[in-house]
Trainee: 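This is the structure I have questions about; it appears just below.
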2 protein chains.
Amino acid sequence: MSNVKVKIALADDHTLFRKGMISLIQMVNNSHEILFEADNGIEVQHKIDPLSLPDIMLIDVNMPVMDGYATVDWLKLHHPSVKVLVVSMIQDEESIMRMIKLGVKGYLSKDVEPEELKNAIAAITSKGFYYTDYITGKLVHSLQQEEDYAQKDALIPLNAKEKEFIKMACSEFTYAEIAQRMNLSPKTIDGYRLSVFEKLGVKSRVGLAIYALRNGMAR
Amino acid sequence: MSNVKVKIALADDHTLFRKGMISLIQMVNNSHEILFEADNGIEVQHKIDPLSLPDIMLIDVNMPVMDGYATVDWLKLHHPSVKVLVVSMIQDEESIMRMIKLGVKGYLSKDVEPEELKNAIAAITSKGFYYTDYITGKLVHSLQQEEDYAQKDALIPLNAKEKEFIKMACSEFTYAEIAQRMNLSPKTIDGYRLSVFEKLGVKSRVGLAIYALRNGMAR
DNA sequence: AAAAAAAACAGGGAAAACCCTGTAAAAATT
DNA sequence: AATTTTTACAGGGTTTTCCCTGTTTTTTTT
């Protein structure tokens, strides 16, 4: 650990919890400096000093006025160098994924041991992130869900021409232009249109395009 | 660790590497049983015994005839209980993400210390997965890339009604139905259509839907 | 209060998409 | 070789989308 103090700031609407965290952080050793604390995102915006940005910000998800998501989003845009460690009671996959996608460097439960909080801050300082097994598990699970969802198409038998037609339909070409490009008559294309509409259960070309994009049949 | 041996199988086209791995695994302690080894995915399909499935399969990405992806995909479908640990020289984000999405429980480089291989097998056996910091980093990075890509829309000034229209247009409603639902005349909707077409540079409703989905303006 | 800008609406027409029913040729089955 | 299935294609009509040129009403600015 270097001789420069790690600068930390906190955003959490529960004063008692916030004060507790601060005392915990300072108890560990004196290599951490608390820059400021805030009740919510708006206060963060006012209290943050561009000339002395925190290295790490501990942020809660649930806060009044401006919640954790909005706060992280704002930080990402205005002070991207600030590394965010979420500390929240909320542990559901959706919140975790949303925060990870916003670029947070760690996500802890509020009932972890003080030791783990220390480890998290140390890891984020040294290698840039700290994801527990729980978080990693959620992350991977979510990815696989997406993928599984995107593969029900294998259940619907579509031949090569139909798949090609679907890809072509996900564009601004007219059916007449698609016919040209596939060397088929517009009437044949109309036949493919009808058959894929029925197979996929869509009622319009827009519906088809949406279905295809959502299910990875076209990019 | 229980008294039942952990059953392991390997798929890698490099015989020497495979043999080395086996000796390493058996050297650790005698709690591991090697069920079989295979040159590629096809051999896995033939050698695997549904009555005595491996707990963990070590699989390489690059293999002739049937590669790692196809092998994992096959295992996922036919023997989902088999936990896959990828061991490969390939370490790029795309391969890693593809394998993770296929549900592999770990991904190691071929030049890790034997100690880490041991840890990985132990972790997968006990808690179900083993992702190194490197893999976790790639995972999170890939997620954030996706999200960043999906947010350039803020650059184009669209008012609330236009955004609502775009969402509605990403459906199978006709413009007349959209007009009803937004309590506006079809002719007004036609005006919104023209203005968003121009702002987003699209030429048809399908083009609009594709643009909106790709840029996160509609789900 | 007047001027300017934005939002809502309209007529009308051409092009594209949609949706029937039906036929001819090629390919696969038997 | 005969039959069935699949693929390719057509006529013709309805609806929807697209696109042009406007007017009226509401909101914002000065």
Side-chain angles (χ1 to χ4, degrees), chain A residues 150-219, chain B residues 150-219:
Chain A
Q151 277 183 353
K152 64 179 174 190
D153 58 86
L155 304 171
I156 299 163
L158 294 163
N159 63 40
K161 283 265 170 60
E162 285 171 340
K163 284 177 188 165
E164 194 188 348
F165 165 75
I166 291 172
K167 276 182 197 157
M168 298 285 278
C170 292
S171 74
E172 296 195 323
F173 294 136
T174 66
Y175 287 141
E177 287 168 332
I178 293 172
Q180 268 185 19
R181 265 157 242 265
M182 287 178 71
N183 290 313
L184 290 168
S185 147
K187 283 295 176 181
T188 305
I189 291 298
D190 200 38
Y192 284 132
R193 184 195 56 74
L194 190 67
S195 84
V196 304
F197 274 26
E198 280 169 357
K199 284 182 182 175
L200 303 182
V202 299
K203 290 197 279 289
S204 70
R205 182 167 167 182
V206 172
L208 171 61
I210 292 167
Y211 182 100
L213 286 178
R214 284 192 185 142
N215 294 289
M217 301 161 92
R219 303 266 135 235
Chain B
Q151 275 182 355
K152 62 177 177 190
D153 57 89
L155 304 170
I156 298 162
L158 293 163
N159 64 41
K161 283 264 171 60
E162 286 171 339
K163 284 177 190 164
E164 193 188 348
F165 164 74
I166 290 172
K167 275 182 199 158
M168 298 285 277
C170 292
S171 74
E172 297 196 320
F173 295 136
T174 66
Y175 288 140
E177 287 168 332
I178 293 173
Q180 268 185 18
R181 265 157 242 264
M182 287 178 70
N183 289 314
L184 291 168
S185 146
K187 284 296 175 181
T188 305
I189 291 299
D190 199 38
Y192 285 132
R193 183 195 55 76
L194 189 67
S195 83
V196 304
F197 274 26
E198 280 169 358
K199 285 183 183 175
L200 303 182
V202 299
K203 290 196 282 287
S204 69
R205 184 169 168 183
V206 172
L208 171 63
I210 293 167
Y211 183 99
L213 286 178
R214 285 195 185 140
N215 294 288
M217 300 161 96
R219 303 265 135 235

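Letters go in sequence order (proteins before strands), and every chain restarts at 1. These figures come from a predicted structure and were not determined experimentally. Scope of the values below: all heavy atoms of this structure, side chains included, with no hydrogens, waters or symmetry mates.
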Trainee: Could you state the CZ-P distance from Arg193(A) to dT17(D), rounded to the nearest angstrom?
Mentor: 14 Å

Trainee: Atom CZ of Phe197(B) to atom P of dA16(C): distance rounded to whole Å?
Mentor: 14 Å

Trainee: Can you tell me how far C1' of dT15(D) sits from CD of Glu177(B), to the nearest Å?
Mentor: 12 Å

Trainee: Identify the two heavy atoms, one from Arg219(B) and one from Leu213(B), that lie closest to each other, and give their separation to 0.1 Å.
Mentor: O-CD2, 3.6 Å

Trainee: For Ile166(A) and Ala212(A), which heavy atoms make the closest approach, and how far apart are they?
Mentor: CG2-CB, 3.6 Å

Trainee: To the nearest Å, how far apart are Ile178(B) CD1 and dT17(D) C1'?
Mentor: 11 Å

Trainee: With respect to the side chain of Ser185(B), which nucleotide from dC18(D), dA10(C), dC9(D) is positioned closest?
Mentor: dA10(C)

Trainee: I want to verify a distance call: between dC9(C), dT16(D), dC18(C), whose nearest atom is closest to the Tyr175(A) side chain?
Mentor: dC18(C)

Trainee: Minimum heavy-atom separation for Glu162(B) to Ser195(B), with atom names?
Mentor: OE2-OG, 2.8 Å

Trainee: Please give, in whole Å, the distance from dA6(C) C1' to Lys187(B) NZ?
Mentor: 19 Å

Trainee: Let me know, please, whether Glu198(A) or Ala176(A) comes out on the 5' side of the other along DNA chain C by nearest nucleotide.
Mentor: Ala176(A)

Trainee: Answer with base, sugar-phosphate or nothing: what part of the nucleic acid does Leu194(A) contact at a heavy-atom distance below 4.0 Å?
Mentor: nothing

Trainee: Between Arg205(B) (CZ) and dA15(C) (P), how many Å, whole number?
Mentor: 22 Å

Trainee: Tell me the interatomic distance from Asp190(A), atom CG, to dT14(D), atom P, rounded to whole angstroms.
Mentor: 16 Å

Trainee: Once you round it to whole Å, what is the distance between C1' of dA6(C) and CG of Asn159(B)?
Mentor: 9 Å

Trainee: Hunt down the Watson-Crick or G-U wobble partner of dT26(D), both distances under 3.5 Å, from any strand shown, or write none.
Mentor: dA5(C)

Trainee: First locate atom OG1 of Thr174(A), then atom CZ of Arg205(A), and finally report the distance between them rounded to the nearest 0.5 Å.
Mentor: 7.5 Å

